[in-house]
Amino acid sequence: MRSRYSAFVLGLEVYLLSSWHEETRPESLTLSPEQQWFYLKIIEATQGEHCDEYYVTFEARYRENHQVYKMCEKSHFIKDSSGILKYIDGQFIS
């Protein structure tokens, strides 16, 4: 999770795509240069029902057009065929 957040901060679209599980990875990703990410708090990290499944609940904040926004998500990660954890999907939390 932290590495994906850092990739958002640095605008590393290639890394974000490579850390996305092949089953749900989009063909391309366009990040907004207007977004300035500045805060990440990991709320909870848990293992799923299967040994290759993990969940990370986090809060992140970013600035865009002189306004601050907050994003909360429960991200779902699973190991790919090479054993590396990859982002599969997430559920936004209000």
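Every heavy atom of this structure was used, including side-chain atoms; hydrogens, water molecules and symmetry mates were not. One is the number of the first residue; the rest follow in order along the sequence. Here the structure is a predicted model, which is why all the values come from computation and not from measurement.
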Colleague: Using side chain to side chain donor-acceptor pair (under 3.5 Å) as the criterion, list what pairs up with Glu13, not counting sequence neighbours.
Modeller: none
Colleague: Going by ring pair (Phe, Tyr, Trp, His ring centres under 6.0 Å), Tyr87 matches just one of Tyr55, Phe77, Phe58, Phe8. Which one?
Modeller: Phe77
Colleague: Cluster partners of Ile84, using ILVMFWY side-chain heavy atoms under 4.5 angstrom, listed by chain and number?
Modeller: none
Colleague: What's the shortest heavy-atom distance between Phe92 and Glu73, and which atoms?
Modeller: CE2-OE1, 3.7 Å
Colleague: Hydrophobic clustering (ILVMFWY, side-chain heavy atoms < 4.5 Å, transitive) - are Val9 and Leu40 grouped together?
Modeller: yes
Colleague: What orientation do Tyr62 and Tyr69 show, parallel under 30°, tilted 30 to 60°, or perpendicular over 60°?
Modeller: parallel
Colleague: Is a donor on one side and an acceptor on the other found under 3.5 Å between the side chain of Asp80 and the backbone of Ser82?
Modeller: yes
Colleague: Please check: side-chain N/O of Thr24 versus main-chain N/O of Ile88, any donor-acceptor pairing under 3.5 Å?
Modeller: yes
Colleague: Can a salt bridge be assigned to the pair Arg61 and Glu59 using a cut-off of 4.0 Å between side-chain N and carboxylate O?
Modeller: yes
Colleague: Which ILVMFWY residues can you reach from Tyr39 by hopping between side chains whose heavy atoms are under 4.5 Å apart?
Modeller: Phe38, Val68
Colleague: Going by heavy atoms in the side chains, are Leu85 and Ile78 under 4.5 Å from each other?
Modeller: no
Colleague: Do Tyr5 and Ile43 share a hydrophobic cluster (ILVMFWY, side-chain heavy atoms under 4.5 Å, transitive)?
Modeller: no
Colleague: Working to the nearest 0.5 Å, report the span between NZ of Lys79 and NZ of Lys86.
Modeller: 13.5 Å
Colleague: Can you tell me how far the NE2 atom of His76 sits from the CD atom of Gln91, to the nearest 0.5 Å?
Modeller: 11.5 Å
Colleague: Under the 3.5 angstrom rule, does the side chain of His50 hit a backbone N or O of Asp52 as a donor-acceptor pair?
Modeller: no
